[in-house]
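Here the structure is laid out as structure tokens; the discussion comes afterwards.
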Amino acid sequence: MFKSFNFSEMEIIVGTVEELLLGYKLIHENGIYSLDLSFTNHSHIGSIKSVAVSETGVLASGSSDECVRLFHLQKRVELGSLFYHKGSINCLQFFQSSHLFSGSDDAKIGIWQTGSWERLKSLTGHKESVNCFSVHPTGKLGLSVSKDRTLFTWDLIHGRRGFVINLKQIADAVIWSPDGSLFVVVFANSVDIYSTETAKIVHQIATNMKISTAAFILPNILAVAGFGGFVKMFDLQSGNLKSELQTNTNRVKSIVVVPGLENSKVLLVTASSDGFIKVFELSFENDVIIHNLLTQVQSDFRPVCCTVFVPNSSAAAAAPEMSVSELPCASLSLASELSAVTEDAKAKVKTTQSTEPEKKKKKKRKIKSLKESEKLHSEDDKCSEISKQKKLIKLKKKIKLERAENRKHLQRNSTDENKFKVQEKLKKSERKEKLEKIKRKSAAFNESRNSKKKFKRKQDQSKASKKERKMKQLQ
């Protein structure tokens, strides 16, 4: 389930076609919500394709200018740029606050370590541009979809590719569910829901509208948005439409789900191509989704992507340590497990101290066995060298015989070759004469055509001069 946060200082970041990053803060005063512009940034040269925010407030933006820009939202400072991809950056995703993943038109996926911002690895295998990359909530698995109509699974622990699923059409996005039990593949007019255990399709959802974005509202509810300004919410257990929201916009380009003040409420942020950014409150009562518009703003730009940063969400990571007595009941089992793990670790330390001399004996035995194996290998190498020399002598004899046979064959065919060369020379001379005749004719034709054009120009000029004279006389 999603965590619930206080969104009094929530900030919405929007990337636009006009190469701008826009920041809006959600303000709640006297029961009224409003969106105020908090910052603008124009560091990109091309249109912005993707944005992502870490738990610590680091904003990453990818653009068609082939670079990733980094900002610190709380300090309002630019951290720098990441240059690796040779194509527009189509997708960005942070895993907690430790790693950043980037997918590009160059068919590569980059893995970056936050803080040092070193590129740890690049995942290759797709033949065309990577449209979307998604990380499992555990951080052990990754999914990517590309224009080559494939879905790749990645083992992120070892940095290796897993199995590949061939798709019938190009997928625009792939998304893990919050609990990791499902993943969703989004196409232009449909959505396929896969089970993580079996990697098979559980349900297929078809829509009348063209889909441009999707997001999980709850682990079993998926929101899909696109043309017409509709946001449709589907129950993934049955695959049926549960609710529909009309944003009264042309096309919803991006949606973000944010936990609300209470567990039964969720915020839905939408960014539309006509410039509207809207915030809706969703509540769940008796399996019915109720939605209310909290606030909206017209950005006067064309949004492409958006993300949300809640400063309070990172407070849990920096919270002070608590004793077992201060922990809530739900976390007592975790505390007991941790204490058991520490006791096991202490027992392991004692056993390692007693087994140190035994390890030294094993090392000596290994060294002796290695030396004996080296001697055997050296004798084998000598035998192999003698056999190699014999093979080389046989090859040299074969080569000499082949060369002698080739010389005899060339002498026989030399007379035939001379005749063929004479015939080729005659043909070339005939071709040259024909080409020269054609060139002469074309040159004469061009000269006659140019002379006619000059004559017509002179006639037109004389007629124009006569008209001018008559007009002057009339005046």
Side-chain angles (χ1 to χ4, degrees), residues 15-21 40-50 61-67 69 81 83-90 103-108 126-131 146-149 169-170 172 188-189 210 212 226-228 249-251 253 272-275 298-305 413-475:
T16 65
V17 176
E18 292 82 4
E19 307 169 1
L20 286 170
L21 280 171
T40 60
N41 183 275
H42 193 186
S43 58
H44 282 288
I45 302 170
S47 62
I48 297 167
K49 297 282 187 77
S50 57
S61 61
S63 168
S64 58
D65 59 7
E66 302 181 356
C67 77
R69 303 279 183 183
S81 303
F83 295 95
Y84 166 65
H85 293 289
K86 295 180 181 178
S88 60
I89 314 298
N90 296 324
S104 172
D105 278 347
D106 60 4
K108 294 178 182 178
H126 283 294
K127 295 178 181 178
E128 293 187 31
S129 62
V130 178
N131 289 337
S146 168
K147 284 185 179 178
D148 59 6
R149 298 184 181 184
Q169 55 183 322
I170 297 170
D172 297 321
N189 295 305
K210 189 175 180 181
S212 56
F227 280 81
T249 56
N250 295 332
R251 180 186 179 186
K253 291 287 290 182
S272 304
S273 59
D274 53 6
Q298 172 58 259
S299 63
D300 297 326
F301 294 98
R302 289 175 292 170
V304 178
C305 51
N413 295 328
S414 61
T415 56
D416 296 332
E417 285 178 357
N418 289 327
K419 290 178 183 179
F420 181 72
K421 286 178 181 177
V422 171
Q423 289 176 358
E424 281 187 346
K425 285 180 181 178
L426 291 169
K427 287 179 181 178
K428 284 180 181 178
S429 62
E430 289 175 357
R431 287 173 189 169
K432 284 181 180 179
E433 288 176 359
K434 287 180 181 179
L435 288 169
E436 286 177 357
K437 286 180 183 179
I438 292 163
K439 285 180 181 178
R440 288 170 190 170
K441 287 181 181 179
S442 63
F445 177 75
N446 290 327
E447 285 178 1
S448 64
R449 189 174 62 183
N450 291 328
S451 63
K452 287 179 183 179
K453 286 182 179 178
K454 287 179 182 178
F455 182 72
K456 285 182 180 179
R457 285 175 189 169
K458 287 180 181 179
Q459 285 182 346
D460 293 335
Q461 288 176 0
S462 63
K463 286 180 182 178
S465 62
K466 285 179 183 179
K467 285 181 181 179
E468 287 178 359
R469 287 173 189 172
K470 286 180 181 180
M471 291 295 291
K472 286 180 181 179
Q473 288 174 3
L474 291 168
Q475 289 177 359

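Values reported hereafter were calculated over all heavy atoms of this structure, with side chains retained and with hydrogens, waters and symmetry mates removed.
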| task | Spell out, as yes or no, whether a donor-acceptor pair under 3.5 Å connects the side chain of Ser104 to the backbone of Ile89. | result | no
| Which heavy atom of Asp148 sits nearest a heavy atom of His126, and at what distance? | OD2-ND1, 3.3 Å
| field | Partners meeting side-chain hydrogen bond (donor to acceptor under 3.5 Å, both in side chains) with Asn131 (sequence neighbours left out) | value | none
| Counting distance only, does the side-chain N/O of Asn90 pair as donor-acceptor with the main-chain N or O of Val130 below 3.5 Å? | yes
| Can you name the side-chain contact (heavy atoms from CB on, under 4.5 Å) partners of Cys67, sequence neighbours left out? | His44, Asp65, Arg69, Phe83
| request: First locate atom NZ of Lys437, then atom CZ of Arg440, and finally report the distance between them rounded to the nearest 0.5 Å. | output: 8.5 Å
| query | Donor-acceptor pair, Ser63 side chain versus Gly46 backbone, under 3.5 Å? | reply | yes
| field | Interatomic spacing from NZ in Lys86 to CG in Asp105 - rounded to 0.5 Å | value | 14.0 Å
| What are the two closest heavy atoms between Cys305 and Ile48, and how far apart are they? | SG-CG2, 4.1 Å
| Nearest heavy-atom pair of His42 and Leu20: which atoms, and what distance? | CB-CD2, 3.6 Å
| field | Sidechain-backbone polar pair: Asn250 side chain, Asp274 backbone, donor-acceptor under 3.5 Å | value | no
| query | For Arg302, does its backbone N or O pair with a side-chain atom of Ser273 as donor and acceptor, under 3.5 Å? | reply | no
| said: Measuring from atom CG of Asn450 to atom CZ of Phe445, what distance do you get when rounded to the nearest 0.5 angstrom? | reply: 10.0 Å
| field | OG on Ser88 to CD on Glu66, rounded to 0.5 Å | value | 8.0 Å
| field | All side-chain hydrogen bond (donor to acceptor under 3.5 Å, both in side chains) counterparts of Arg449, not counting sequence neighbours | value | Asn446
| query | Rounded to the nearest 0.5 Å, what separation is found between the OG atom of Ser64 and the NZ atom of Lys49? | reply | 5.5 Å
| message | Distance check, rounded to the nearest 0.5 Å: Lys452 atom NZ versus Ser448 atom OG? | response | 5.5 Å
